[in-house]
Visitor: 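My structure is below; once you've seen it, I'll send some questions.
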Amino acid sequence: MSEEKSLNFIEEIVEADLAAGKYQSILTRFPPEPNGYLHIGHAKSICLNFGLANKYGGKTNLRFDDTNPSTEETEYVESIKEDVKWLGFQWADELYASNYFEQLYQFAVQLIEKGLAYVDDSNSETIAQEKGTPTQAGIENSYRSRSIAENLQLFSEMRSGNYKDGEKVLRAKIDMASSNMHMRDPIIYRIKHAHHHRTGDAWCIYPMYDFAHGQSDSIENITHSICTLEFIPHRPLYDWCIEQLGIFPSKQYEFARLNMTYTVMSKRKLLQLVNEKHVEGWDDPRMSTISAMRRRGYPAGSIREFCDKIGVAKRENLIDVGLLEFCVREKLNKTALRRMVVFDPLKVVITNYPDTVEVLESENNPEDPNGGTRTMPFSREIYIERDDFMEVAPKKYFRLAPGQMVRLKSAYIIKCDEVIKDADGNITELHCSYIPESKSGSDTSGINVKGTLHWVSVAQALQAEIRLYDRLFKVEDVANAEGDFKDHINPDSLQVLPIAYAEPALLSDQPNSTYQFIRKGYFVLDRDSTNEKLVFNRTVTLKDGWAKEAKKA
RNA sequence: UGCCUGAUAGUAUAAUGGUAGUACGACUGUUUUUGGUGCAGUUUGUCUUGGUUCGAAUCCAGGUCGGGCAACCA
């Protein structure tokens, strides 16, 4: 396989800029607003920004876009830093738009001095109305012609706290008739008597996104400022501010944000899920947040791999969540420790097995020759999975059935001799006989069986809680589905098994191990675990060929 | 009614005027002490109409369809 991977359109721009000598090296930035937790969509942006810097020998800043004190909190800052680090990236500088408040203020003063900004006393309704519509030009109001001196005075008074919220705004004086709504004298400063998580009460006016973002990029000498498609119409304003101020010309480029099937990706909706308790928190394993995926057991590397696979383009997209799951399985298959856990037990008595405990050995991971082995007890009484037995077996059913033989993984071949039922006809246990010569690793029985089952010895079994997570929504395209997105929540997205039976090795494993419970899926120990109670989250299922086959019949 | 964007298998993404390729999915077969994994194979595509050209997914013109734009949010 040739490693000649084609470039995405942003990489092409970067290579062209570098080749033209436009920059010696590149500087990108990841600029989250600390008003929520990062989600998989942010991961795409993180991988893009940091990936570009890594690939071309540049650097990436982490910059918090904290210009709206009423929605931002330190809790979010901390979680964002943790998530970026966990994803495997290291930023050059940790910065905040709020670091630049004084500088930004001076930029605004410069604009006023150039006659390019004015204080408007109108209320928001009036401003909106005078802005016109996309098909109809806006109108210029009387405040627009205020003198520079008056604007300077008023803006200074705004800063001093002479006015209440909403009483005045500072607007850039551009073009009320522009076909681009963002150029119709956009508001660049508003009054907000709010406590800021970093600057406290030092300010009562705050710059708007459009006046903060580009200038922050410029102050940091960001060469490539990469954002999502909805900012395309902001670009002329981004460029206008930089040009009028005569500062470092950072350039904005836009790519299509990630959308994923069965998933919501907006912070607003995620917040709602948390606040209205549809999930247990930002890191509930069903959420699309980075922290949820971490808790669910997704390896950071598989998220990076996913971001690499989905590519970067300008076309709107809806990525199959199955691709993310594929990346997770691909990684985990090579690394996860194999263990046996029975979810829904059916007791099997091996009638011809002596009343002793035998210690068996089994590989930790058949994909990894250096993975080592662990031991497990085998005895006369074991549990198997209830649905690994059928009294009347259909065609192509390879599991246990009366008179049928199966192999117990890493142990012996057994044959089902008798089905024991209670008075109501429910199956309570199976009586089987084992083939002593069929022991794993030294099988001389010559018997070939199609089915291999996982099992756990009854007497030594650990009890554990298992949490089975499924997709949070029932519809593919949640954002575009009829009605409220909450109408589409999957009521069965979490199934808790209070007691499952697990092999004893799980007690001595490292707590941060990832597991494949053989034939059941990938699992990870949840942080809710205690010494008394193990709790496992299902990371992702295994591909189930039999389920498909059974469905066909 | 305006402006800005975009359109390639089911989903993504490449081909930068010269054989439409890759991944996931689906389907076959094969291997397997996980109905997992691996391996081999099959399947399905350039929105449309014109034009330029020896040659067009690519360039040009018109159309169609999708997305965005009128927060004192980012």
Visitor: A:K314 has a side chain; which of B:A70, B:G6, B:C72 sits nearest to it?
Guide: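 Looking only at heavy atoms from C-beta outward on A:K314, the closest nucleotide is B:G6.
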
Visitor: Could you tell me if A:R471 sits above the aromatic ring of A:Y262, with its cationic atom closer than 6.0 Å to the ring centre and no more than 45 degrees from the axis?
Guide: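 Pair A:R471/A:Y262 counts as cation-pi.
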
Visitor: A:G441 near the nucleic acid: base, sugar-phosphate alone, or nothing, with a heavy-atom cut-off under 4.0 Å?
Guide: base

Visitor: Please determine whether ring pair (Phe, Tyr, Trp, His ring centres under 6.0 Å) holds for the pair A:Y209 and A:F231, giving the CA-CA distance in whole Å, both sets of side-chain angles, and the decisive distance to 0.1 Å.
Guide: CA-CA 11 Å; A:Y209 167 85; A:F231 290 99; 5.0 Å; yes

Visitor: Does A:K450 place a side-chain N or O at less than 4.0 Å from the phosphate oxygens OP1/OP2 of B:U32?
Guide: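 False: A:K450 side-chain N/O out of range (4.0 Å or more) of B:U32 OP1/OP2.
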
Visitor: Are any of A:R519's side-chain N or O atoms less than 4.0 Å away from OP1 or OP2 of B:G35?
Guide: yes

Visitor: Answer with base, sugar-phosphate or nothing: what part of the nucleic acid does A:L229 contact at a heavy-atom distance below 4.0 Å?
Guide: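 No contact at all - A:L229 keeps every heavy atom at 4.0 Å or more from the nucleic acid.
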
Visitor: Remember a base hit wins even if backbone is also touched, and classify A:F231 as base, sugar-phosphate or nothing at under 4.0 Å, heavy atoms.
Guide: base

Visitor: Looking across every strand, which nucleic acid part, if any, lies under 4.0 Å from A:P32 by heavy atom: base, sugar-phosphate, or nothing?
Guide: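 Here A:P32 touches no strand at all.
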
Visitor: Which nucleotide, B:C4, B:G36, B:U33, lies nearest any side-chain atom of A:I232?
Guide: B:C4

Visitor: Does B:U32 have OP1 or OP2 under 4.0 Å away from a side-chain N or O of A:R407?
Guide: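 For B:U32, neither OP1 nor OP2 has a side-chain N or O of A:R407 closer than 4.0 Å.
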
Visitor: Just to be sure I understand the rule, does A:N180 reach a base, reach only the sugar-phosphate, or reach nothing, if contact means heavy atoms closer than 4.0 Å?
Guide: nothing

Visitor: B:A70, B:A14, B:A71: which one has an atom nearest the side-chain heavy atoms of A:M208?
Guide: B:A71

Visitor: With a non-hydrogen cut-off below 4.0 angstrom, is A:T126 in contact with a base, only sugar-phosphate, or nothing?
Guide: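 It contacts nothing in the nucleic acid.
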
Visitor: A:V169 has a side chain; which of B:G36, B:G2, B:C72 sits nearest to it?
Guide: B:C72

Visitor: Look at the side chain of A:Q516 and decide which nucleotide, out of B:U34, B:A70, B:C73, has an atom nearest to it.
Guide: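 Ranking B:U34, B:A70, B:C73 by closest atom to the A:Q516 side chain puts B:U34 first.
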
Visitor: Check the geometry between A:Y209 and B:A74 and answer yes if their rings are stacked (centres below 5.5 Å, planes below 30°), otherwise no.
Guide: no

Visitor: Across the strands shown, which category fits A:H454 at heavy-atom distances under 4.0 angstrom: base, sugar-phosphate, nothing?
Guide: nothing

Visitor: How would you label the contact of A:Y397 with the nucleic acid (heavy atoms, under 4.0 Å): base, sugar-phosphate, or nothing?
Guide: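 Base, at least one base heavy atom under 4.0 Å.
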
Visitor: Over all strands shown, is A:K396 touching base, sugar-phosphate only, or nothing at heavy-atom distances under 4.0 angstrom?
Guide: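 Contact class for A:K396: base.
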
Visitor: Please evaluate the base of B:A71 for a donor-acceptor partner in the side chain of A:H182 within a cut-off of under 3.5 Å?
Guide: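 Per atom types, no contact qualifies.
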
Visitor: Return the orientation label for the A:F101 and A:Y206 ring planes: parallel under 30°, perpendicular over 60°, tilted otherwise.
Guide: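 Rings of A:F101 and A:Y206: perpendicular, as their planes differ by over 60°.
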
Visitor: With the criterion being N/O to N/O and under 3.5 Å, what pairs connect the protein with nucleotides 40-47 of chain B, and how long is each?
Guide:
none

Visitor: Less than 3.5 Å apart, any donor N or O on the side chain of A:E358 or A:Y353 sitting next to an acceptor on the other?
Guide: yes

Visitor: Are any of the side-chain heavy atoms of A:F536 and A:V341 separated by less than 4.5 Å?
Guide: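 Sidechains of A:V341 and A:F536: no contact.
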
Visitor: Which part of the nucleic acid does A:N123 contact within heavy-atom distance under 4.0 Å: base, sugar-phosphate only, or nothing?
Guide: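 Base, at least one base heavy atom under 4.0 Å.
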
Visitor: Apply the test side chain to side chain donor-acceptor pair (under 3.5 Å) to residues A:S122 and A:D120: give CA-CA distance (whole Å), side-chain angles for both, the deciding distance (0.1 Å), then the verdict.
Guide: CA-CA 6 Å; A:S122 313; A:D120 192 329; 2.5 Å; yes

Visitor: Mind checking whether A:Y383 and A:Y501 have parallel, tilted or perpendicular rings, split at 30° and 60°?
Guide: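 It falls in the tilted class, 30° to 60°.
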
Visitor: What integer number of Å spans the P atoms of B:A23 and B:A40?
Guide: 10 Å

Visitor: Choosing from B:U33, B:U5, B:A14, which nucleotide comes nearest the side chain of A:A313?
Guide: B:A14

Visitor: Using a 3.5 Å limit on both pairing distances, list the dot-bracket string of RNA chain B from the 5' end; Watson-Crick and G-U wobble pairs count, crossing pairs take [ ], interstrand pairs take |.
Guide: .((((((..((((....[..)))).(((((.......)))))....(((((..]....))))))))))).....

Visitor: Using atom names, set out every protein N or O paired with an N or O of nucleotides 17-26 of chain B below 3.5 Å, distance rounded to 0.1 Å.
Guide:
residue, atom, partner, partner atom, Å
B:A26, OP1, A:K548, NZ, 2.9

Visitor: Could you check whether A:R184 gets within reach of a base, just the sugar-phosphate, or nothing at all, counting any heavy atom under 4.0 Å?
Guide: nothing

Visitor: How far does the P atom of B:U31 sit from the matching atom of B:C39, given to the nearest Å?
Guide: 16 Å

Visitor: Describe the nucleic acid contact of A:L318 in one word from base, sugar-phosphate, nothing, applying a heavy-atom distance below 4.0 Å.
Guide: sugar-phosphate

Visitor: Using a 4.0 Å heavy-atom cut-off across all strands, classify A:T67 as base, sugar-phosphate, or nothing.
Guide: sugar-phosphate

Visitor: Take atom P in B:U19 and the same atom in B:G25, then report the distance between them in whole Å.
Guide: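 To the nearest whole Å, 29 Å.
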
Visitor: Determine whether the side chains of A:E220 and A:Y100 contain a donor N or O and an acceptor N or O closer than 3.5 Å.
Guide: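 A:Y100 and A:E220 do have a side-chain donor-acceptor pair below 3.5 Å.
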
Visitor: Looking at A:A97, is its backbone amide N or carbonyl O close enough to the side chain of A:D65 to form a donor-acceptor pair, meaning the two atoms are under 3.5 Å apart?
Guide: no

Visitor: When you match A:K334 and A:A547 each to their closest nucleotide on RNA chain B, which lands nearer the 5' end?
Guide: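 Going by which nucleotide is closer to the 5' end, it is A:A547.
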
Visitor: Out of B:A14, B:G36, B:A74, which nucleotide sits closest to the side chain of A:N68?
Guide: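 Side chain of A:N68 sits closest to B:A74.
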
